[in-house]
Undergrad: 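Below is the structure I would like to discuss, written out as structure tokens.
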Amino acid sequence: MVLHTRTTPAERRRAFRERLGSGRLLRMPGAVNPLSARLIQDTGFEAVYLSGAVLAADLGLPDIGLTTSTEIAARAQQTTRVTDLPVLIDADTGFGEPMNAARTVQLMEDAGLAGLHLEDQVNPKRCGHLDGKTITPREEMARRIRGAVDARRDPDFLLMARTDARSVEGLDAAIARAKAYVDAGADAIFPEALTDVSEYEAFRQAVDVPLLANLTEFGKTPLLDAATLENLGYDIALYPVTLLRLAMGAVEDGLRAIAAEGTQESLLPRMQTRSRLYELLDYEAYSAFDSAVFDFTLPPGNRPGT
């Protein structure tokens, strides 16, 4: 369909819930922009992720909680408009106190998302794979989650809790927090910065809701393959910043080549072609729609004044 998706947010939320209940690993790449979300769908993936780190970097900002809930919601709506896949978003700490987290849930529902995750850091927050993080008391995070649950209007909207406690308080404390967050109403858990397979196993044995494995590059977590994660019983394999890193690496290489060679000629084999871009944008459908508008005439009985 020209201009928008073929599915409703409610349909995408139900599909996301059903997919998580299938017992198969859901591989979820992080989009760089709305067009890359279309490409994620076109490549055959079944869900899209919007990373807080990517959304901040897109604005030229570090991932330390400088973005706002309305900025993130606006970007999310641009993405959900162009893909039929369910989209999960990183909502940082909920952008404030439990009341702010409650408002964030409704903003993200209105933006057409399938779910979000809230984390137990305090502001200024840090990337989950950096040292020096500070985490909020367990009871405070539980209140944050309860506020989110109370604000949710669509019961199919997924509320995931992320805990950064592993690198601050240790594995046992992170598992205890995860259990408390489930008790507070979290539908799924995102254990951040696990360091080896044994820690993945421990989380799976202790927590009986869907679990997300964050496979970010250059961090504390090994880049486990899909088969291993599925055998471990994990539900989501997340690749949050992969596409941004690929894209920005290619941009840097291209700029250096143009600066050195005075032309982009050598870069052509590495570029997405004009025809492929137009195919991804469904350019032909827009042209057909536009022609239909301009060629349209009213039947004689429906003309003004008749």
Side-chain angles (χ1 to χ4, degrees), residues 1-52 54-55 72-91 104-118 145 148-149 151-162 182 185-190 204 207-215 226-227 229-230 232-240 242-243 280-282 285:
M1 179 70 70
V2 174
L3 298 176
H4 55 79
T5 64
R6 299 172 178 83
T7 54
T8 66
E11 289 171 333
R12 295 193 292 272
R13 289 168 191 155
R14 286 194 295 271
F16 191 39
R17 290 275 190 168
E18 290 169 4
R19 182 62 179 77
L20 286 179
S22 70
R24 295 184 294 115
L25 181 72
L26 176 61
R27 293 179 294 171
M28 189 180 295
V32 179
N33 52 26
L35 182 60
S36 66
R38 285 280 292 273
L39 189 55
I40 290 168
Q41 176 176 329
D42 195 65
T43 309
F45 289 93
E46 297 178 81
V48 174
Y49 180 66
L50 291 177
S51 159
V54 169
L55 292 169
I72 298 306
R75 190 59 160 178
Q77 192 279 328
Q78 292 171 348
T79 302
T80 61
R81 183 185 66 80
V82 300
T83 178
D84 291 310
L85 299 181
V87 182
L88 175 71
I89 197 167
D90 176 358
T104 295
V105 167
Q106 296 191 352
L107 284 171
M108 301 310 164
E109 282 185 316
D110 291 343
L113 291 154
L116 60 75
H117 64 75
L118 299 171
I145 294 167
V149 171
R152 176 173 55 186
R153 294 158 294 178
D154 185 343
D156 285 325
F157 186 84
L158 189 86
L159 295 176
M160 179 181 290
R162 168 177 143 179
V182 172
D187 301 308
I189 293 294
F190 176 164
R204 180 71 284 172
V207 179
D208 60 3
V209 298
L211 290 177
L212 179 149
N214 184 18
L215 304 170
L229 287 169
E230 197 153 44
L232 287 167
Y234 275 68
D235 302 275
I236 297 174
L238 189 66
Y239 312 93
T242 306
L243 299 190
L280 189 61
L281 293 170
D282 202 7

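All of these numbers come straight from a predicted model, not from anything done at the bench.
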Undergrad: Would you sort out whether Arg12 and Thr5 count as a side chain to side chain donor-acceptor pair (under 3.5 Å), showing the intermediate values?
TA: CA-CA 11 Å; Arg12 295 193 292 272; Thr5 64; 3.3 Å; yes
Undergrad: Could you give me the CA-CA distance, side-chain angles and deciding distance for Glu46 and Arg19, then say whether salt bridge (Lys or Arg N to Asp or Glu O under 4.0 Å) is met?
TA: CA-CA 9 Å; Glu46 297 178 81; Arg19 182 62 179 77; 3.1 Å; yes
Undergrad: How long is the straight-line distance from CZ of Phe16 back to CG of Asp187, given to the nearest 0.5 Å?
TA: 10.0 Å
Undergrad: What are the two closest heavy atoms between Asn214 and Leu212, and how far apart are they?
TA: N-CD2, 3.8 Å
Undergrad: Report the distance from atom CZ of Arg13 to atom CD of Glu18, rounding to the nearest 0.5 Å.
TA: 14.5 Å
Undergrad: Mind checking the OG1-CZ spacing from Thr7 to Arg14? Nearest 0.5 Å is all I need.
TA: 10.5 Å
Undergrad: Show, in sequence, the C-alpha distance, side-chain angles and deciding distance for Val105 and Leu159, and conclude whether the side-chain contact (heavy atoms from CB on, under 4.5 Å) test is met.
TA: CA-CA 9 Å; Val105 167; Leu159 295 176; 3.9 Å; yes
Undergrad: How far apart are the C-alpha atoms of Ile236 and Leu229, what are their side-chain angles, what is the distance that settles it, and do they pass the side-chain contact (heavy atoms from CB on, under 4.5 Å) test?
TA: CA-CA 9 Å; Ile236 297 174; Leu229 287 169; over 6 Å; no
Undergrad: Counting C-beta onward and ignoring hydrogens, is there a side-chain heavy-atom pair between Asp42 and Leu280 closer than 4.5 Å?
TA: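 They are in side-chain contact.
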Undergrad: Taking salt bridge (Lys or Arg N to Asp or Glu O under 4.0 Å) as the test, write out the residues that go with Asp156, two or more places apart.
TA: none
Undergrad: With rounding to the nearest 0.5 angstrom, report the CD to CG distance, Glu109 to Leu107.
TA: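 Between Glu109 CD and Leu107 CG, I get 10.0 Å after rounding to 0.5 Å.
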Undergrad: Which heavy atom of Ala186 sits nearest to which heavy atom of Ala161, and what is that distance?
TA: CB-CB, 3.8 Å
Undergrad: Is any side-chain heavy atom of Tyr239 closer than 4.5 Å to one of Arg27?
TA: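 Arg27 vs Tyr239: side chains touch.
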Undergrad: Run the numbers on Gln41 and Arg38 for side chain to side chain donor-acceptor pair (under 3.5 Å), then give the verdict.
TA: CA-CA 5 Å; Gln41 176 176 329; Arg38 285 280 292 273; over 6 Å; no
Undergrad: At what distance, to the nearest 0.5 angstrom, does CZ of Arg152 lie from CG of Leu116?
TA: 9.5 Å
Undergrad: Which atom names give the shortest non-hydrogen contact between Ala31 and Val54, and what distance separates them?
TA: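 In this case the closest contact between Ala31 and Val54 is O-CG1, 3.7 Å.
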Undergrad: Return the CZ to CG distance between Phe157 and Leu113, rounded to the nearest 0.5 Å.
TA: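 Phe157 CZ to Leu113 CG: 6.0 Å, rounded to 0.5 Å.
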Undergrad: When you compare the side chain of Thr79 with that of Ile89, does any pair of heavy atoms fall below 4.5 Å?
TA: no
Undergrad: Identify the heavy atoms of Val32 and Arg75 that sit nearest to each other, and give their distance.
TA: O-NH2, 3.8 Å
Undergrad: Ignoring hydrogens and angles, tell me if any N or O in the side chain of Thr80 forms a donor-acceptor pair with the backbone of Gln77 under 3.5 Å.
TA: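 Yes; judged by distance alone, with no hydrogens or angles, the pair exists.
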Undergrad: Can you list the residues that meet the side chain to side chain contact (heavy atoms under 4.5 Å, CB included) rule with Asp110, with sequence neighbours excluded?
TA: Arg153
Undergrad: Do Leu88 and Met28 come close enough that some side-chain heavy atom pair is under 4.5 Å?
TA: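 Heavy-atom side-chain distance check passes, below 4.5 Å.
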Undergrad: Does some side-chain heavy atom of Val87 sit less than 4.5 Å from a side-chain heavy atom of Leu50?
TA: yes
Undergrad: Okay, side chain of Glu11, backbone of Thr8: is any donor-acceptor separation there less than 3.5 Å?
TA: yes
Undergrad: Kindly indicate, with the supporting measurements, whether the criterion side chain to side chain donor-acceptor pair (under 3.5 Å) is fulfilled by Asp90 and Ser51.
TA: CA-CA 5 Å; Asp90 176 358; Ser51 159; 4.8 Å; no
Undergrad: Parallel, tilted or perpendicular for Phe190 and His117, by the 30°/60° rule?
TA: perpendicular
Undergrad: One thing to verify: whether Arg204 and Asp235 come together as a salt bridge, which I'm taking to mean a side-chain N less than 4.0 angstrom from a carboxylate O.
TA: yes
Undergrad: Looking at Arg17, I'd like to know if its CZ atom is crowded, meaning that more than 12 non-hydrogen atoms belonging to other residues, nucleotides or ligands lie closer than 6.0 Å.
TA: yes
Undergrad: If you take all heavy atoms of Ala148 and Leu118, which pair is closest and at what distance?
TA: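 Nearest heavy atoms, Ala148 then Leu118: CB-CD1, 3.9 Å.
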Undergrad: Can you list the steps and then say if Leu158 with Met160 is a side-chain contact (heavy atoms from CB on, under 4.5 Å)?
TA: CA-CA 6 Å; Leu158 189 86; Met160 179 181 290; 4.1 Å; yes
Undergrad: Do Thr242 and Pro29 come close enough that some side-chain heavy atom pair is under 4.5 Å?
TA: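 Heavy-atom side-chain distance check fails, nothing below 4.5 Å.
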Undergrad: Return the minimal non-hydrogen interatomic distance between Gly185 and Val149, and the atom names on each side.
TA: O-CG2, 3.7 Å
